[in-house]
Each structure stands twice: as structure tokens, then as C-alpha cells.
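Okay, structure first, notes after.
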Amino acid sequence: MLDSSRTTHPGSSGAPARIPVTVQATDPILREGVLSQLRRHPEVELREETRSGPGTVAVLVDDTLDDDALARLRRLVRGEGARAVLVVSSLRESELLDAIECGVGAVVWRHEASAHRLVQAVVRAFRGDGDLPADLLGRLMNRVGTLRRSAAAGGGPVPSGLTAREVDVLRLVAEGLDTGEIAGKLSYSERTVKNVIHGLTTRLHLRNRAHAVAYALREGYI
């Protein structure tokens, strides 16, 4: 039985948060490997696979993001309201966009899936902070940059819809900074940074920070 009888909610008292986590994998060996990594960390509360829902982080482990895995992601995020961490061996740029638009908040390469790296991704996904490997982010930026240059060469309109403050914040999110680091860089309070991100994701109907970064890249803001 994976359940713990109690959950300490983040920020409720100064005590370490316990984040409800489910691990989803078609291969039981893969699933047990991730479970064994996460069991070492007291801030994680492991739950049965069937108990994903709002406030839960679902870790989906697979070789690639095929149609079946993408359907599971949609069910977990859109149907059940969980936040998602994707652990895969490889991911094409088009699959990354699919995952982000589906609502994935963090991606971890399987060969980098140490206990520390997994918990880092879980915590960031739970908080709504995006977490993408640097090489994936670089490939995404290169692809979107190419699309942007092609649109500019064709005389396409200059995008509008994000304020200068929102662009500054998203640029730092894309660089992998968390809320506190962004606040320090821009001389804002953490509450201001959170309000900026909440405002733009709500206004543009974006699912999370990673989706906001993908939007900003695709539209040529960053």
C-alpha cells in the first residue's frame, strides 16, 4: 500500500510539504524503478495509480511519447486535473509541443532520472514552475526561431498580446529560473512574478508556465 494517512500541504505551517505523487508506466519494472527513487524523499507522498487528481503530480514514464502515452497524459491532466511530469528516453520537437499543450509541466530524460532530479521535477511541476532539459529547450527555441524567421521573410504581422513585463518574466522562465530567482533578477516581489504569470496564462488560456514559454517562443516574443 503506497498511501500515507496524512498530507502536509505546502506552505501551511513551515513544515516540509508532502506532495501527493502517482507513478504511471505500462512497464512494471520502469514504474518500480521510479517508485524506488521517490521513496527516499520524505517530501513525496506516494499514492496508488488510480488516485491522481487535483493537487497530485502524476509522473508518466515511457520510452517515447506515442499516441497511447499522449492519451494517458490528456486523461491525467485534462480529465483528472493532475499536474504532470514526463520521463522519457527521447522526444521530438513536435512531441514536446504536444506534451506542453496537453499540460505537462516538467520533462526528465530517463538517463538523468536520479532521485534528486525526479524530486526536483515533481516539486517544480507541483508549484507550477516549468522544468525542461536544457537541450530540449534549445531545440525548441531553434525550431521556433526558424518558424519566426520564415514568417518575417513572408511579411507576416508582428505579434502582439504580451506586455514587456510578461516577456521579461517568460524569458527568465525559459532560462530555467524559479520564482524567487526571477524576482531577484527583475527586482520584483515573488507575488508580483506569480501574478504576472497567472495573469498571462489566464488571459491567453495557457495551462502552465511551460505552455506559456512554448507560446512565447512560437509567437516570437523570446
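Remember, predicted model here, so these are calculated numbers, not experimental data. Numbers for residues simply follow the sequence, beginning at 1.
- Contact annotation: the side chain of Arg72 approaches that of Asp62 to within less than 4.5 Å [non-hydrogen atoms, C-beta and beyond].
- Using a 4.5 Å heavy-atom cutoff, the side chains of Glu80 and Thr56 are not in contact.
- Residue Ile182 holds its CD1 atom at 12.0 Å from CZ of Arg171, rounded to the nearest 0.5 Å.
- With Asp131 as the partner, the salt bridge (charged side-chain N to carboxylate O under 4.0 Å, His left out) test is satisfied by one option alone out of Arg209, Arg117, Arg83: Arg117.
- Atom OG1 of Thr163 and atom CG of Asp168 lie 8.0 Å apart (nearest 0.5 Å).
- Taking both residues in full, the closest heavy atoms of Trp109 and Ser89 are given as CE3-O, 3.7 Å, listed atom of the first, atom of the second, then distance.
- The two atoms that bring Thr201 and Ala212 nearest to each other are CG2-CB, 4.2 Å, heavy atoms only.
- Counting heavy atoms from C-beta on, the side chains of Gln37 and Val119 never come closer than 4.5 Å.
- Remark: the backbone N or O of Gly199 is not paired with any side-chain donor or acceptor of Thr202 at under 3.5 angstrom.
- Two residues are said to be in side-chain contact when any heavy atoms from C-beta on lie closer than 4.5 Å; Glu32 and Ile29 fail this criterion.
- A donor-acceptor pair under 3.5 Å links the side-chain atoms of Glu95 to the main chain of Arg92, judged by distance alone.
- Residues Leu30 and Arg110 form a side-chain contact, since some pair of their non-hydrogen atoms from C-beta on lies under 4.5 Å apart.
- Side-chain atoms of Arg31 do not come within 3.5 Å of backbone N or O of Thr26 as any donor-acceptor pair.
- Taking OG1 of Thr179 as the reference point, atom CZ of Arg124 lies at 10.0 Å (rounded to 0.5 Å).
- Residues Leu200 and Leu170 meet the side-chain proximity criterion, which asks for heavy atoms closer than 4.5 Å.
- Side-chain contact check for Thr64 versus Val88: every heavy-atom pair is 4.5 Å or farther apart.
- Counting heavy atoms from C-beta outward, Val85 and Val108 have side chains that approach closer than 4.5 Å.
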